[in-house]
Chemist: 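Got a structure for you, written out below as structure tokens; questions coming shortly.
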Amino acid sequence: SSECYTPSGSKPSILIHGDSHAQHLYYGLTEQLSNKFQILQIAGFSCRINDIENKSCMASNAFFGEKINKISPNILIISMRNNHEQVNWDNYIETIKNIDKVIILGPSPEINTKDLIYKNREVTTNYDYMVKTDKFMRASDKLSKMDNVEYVSMRELLCSDTKQCKFFVDDQLIYAD
């Protein structure tokens, strides 16, 4: 629906872009920031921002490319489950260079509960992948030279060095996908 991505009124806007990991941000941002910002989104289930294989994802990303300058959000938040290292950031930067603030979120913690429940094994996480992605994103010359782009490590926000990641704070669920 066009209501998801069309700014209205005079409030500054935040546009969320990515896959379901982007979509899960909508509720919290709306609950916490809707008095100051209009929260918009262009995101698709399992659609990474550089997906060139899935036709519906290609359409979603093309739609984003067509609309981003018209929407002209004050803040763009990019979030996706994985494959940050496969994005052609040089091309993507051209699309986002005129946005005031771009926040790229690293991968969020994931727990493979199937290993625990069905295979009676120790729970596995994506912690090592998060470390690898953080290093890759911080090493990007193009991104690091852009004053309007900030990379945020979800691992550093939610996990300790012992690979323990928080999903609850004060008995409140803070992350789920």
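In this text the structure is predicted, and so the values were computed from the model without any measurement.
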Chemist: Check whether any side-chain N or O of His17 sits under 3.5 Å from a backbone N or O of Ile42 as a donor-acceptor pair, and report yes or no.
Modeler: yes
Chemist: Compare all side-chain heavy atoms of Met137 with those of Ser153 and state whether any distance is below 4.5 angstrom.
Modeler: no
Chemist: Hey, could you give me each pair passing salt bridge (charged side-chain N to carboxylate O under 4.0 Å, His left out) that has a residue in residues 12-33? Not counting sequence neighbours.
Modeler: Asp19-Arg48
Chemist: Supply the atom-to-atom distance Asp147 CG to Lys145 NZ, rounded to the nearest 0.5 angstrom.
Modeler: 12.0 Å
Chemist: Within this structure, what is the CD1-CD1 distance for the pair Ile16 and Ile77, rounded to the nearest 0.5 Å?
Modeler: 6.0 Å
Chemist: Looking at CG of Leu76 and CG of Asp100, how far apart are the two atoms once the value is rounded to the nearest 0.5 Å?
Modeler: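 The CG atom of Leu76 sits 11.0 Å away from the CG atom of Asp100.
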Chemist: Ignoring hydrogens, what is the shortest heavy-atom contact between Met154 and Gly106? Give both atom names and the distance.
Modeler: CG-O, 3.2 Å
Chemist: Identify the two heavy atoms, one from Ser34 and one from Thr30, that lie closest to each other, and give their separation to 0.1 Å.
Modeler: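 Minimum heavy-atom separation between Ser34 and Thr30: OG-O, 2.8 Å.
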Chemist: Only counting residues at least two apart or in another chain, list the ones meeting ring-ring contact (aromatic ring centres under 6.0 Å, His included) with Tyr129.
Modeler: none
Chemist: Under the rule for side chain to side chain contact (heavy atoms under 4.5 Å, CB included), what residues qualify as partners of Gln38, not counting sequence neighbours?
Modeler: Pro7, Ser8, Ser13, Leu40
Chemist: Taking only residues two or more places apart in sequence or in another chain, which ones pass side chain to side chain contact (heavy atoms under 4.5 Å, CB included) with Ser72?
Modeler: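 Partners of Ser72 by the side chain to side chain contact (heavy atoms under 4.5 Å, CB included) criterion come out as none, since no residue qualifies.
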Chemist: Table please: side-chain donor-acceptor pairs of residues 86-94 below 3.5 Å, with sequence neighbours left out.
Modeler:
{"residue": "Asn88", "atom": "OD1", "partner": "Asp90", "partner atom": "N", "Å": "3.3"}
{"residue": "Asn88", "atom": "OD1", "partner": "Asn91", "partner atom": "N", "Å": "3.2"}
{"residue": "Trp89", "atom": "NE1", "partner": "His84", "partner atom": "O", "Å": "2.9"}
{"residue": "Glu94", "atom": "OE1", "partner": "Lys97", "partner atom": "NZ", "Å": "2.9"}

Chemist: With sequence neighbours excluded, give me every salt bridge (charged side-chain N to carboxylate O under 4.0 Å, His left out) pair touching residues 3-17.
Modeler: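 Salt bridge (charged side-chain N to carboxylate O under 4.0 Å, His left out) check on residues 3-17 returns no pairs.
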Chemist: Using modelled atom types only, decide if a donor and an acceptor are shared between the side chain of Asn148 and the backbone of Ile99 within a distance under 3.5 Å.
Modeler: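 Yes, because the side chain of Asn148 sits within donor-acceptor range (under 3.5 Å) of the backbone of Ile99.
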Chemist: Answer yes or no: is there a donor N or O on one side and an acceptor on the other, between the side chain of Gln23 and the main chain of Ala43, under 3.5 Å?
Modeler: yes
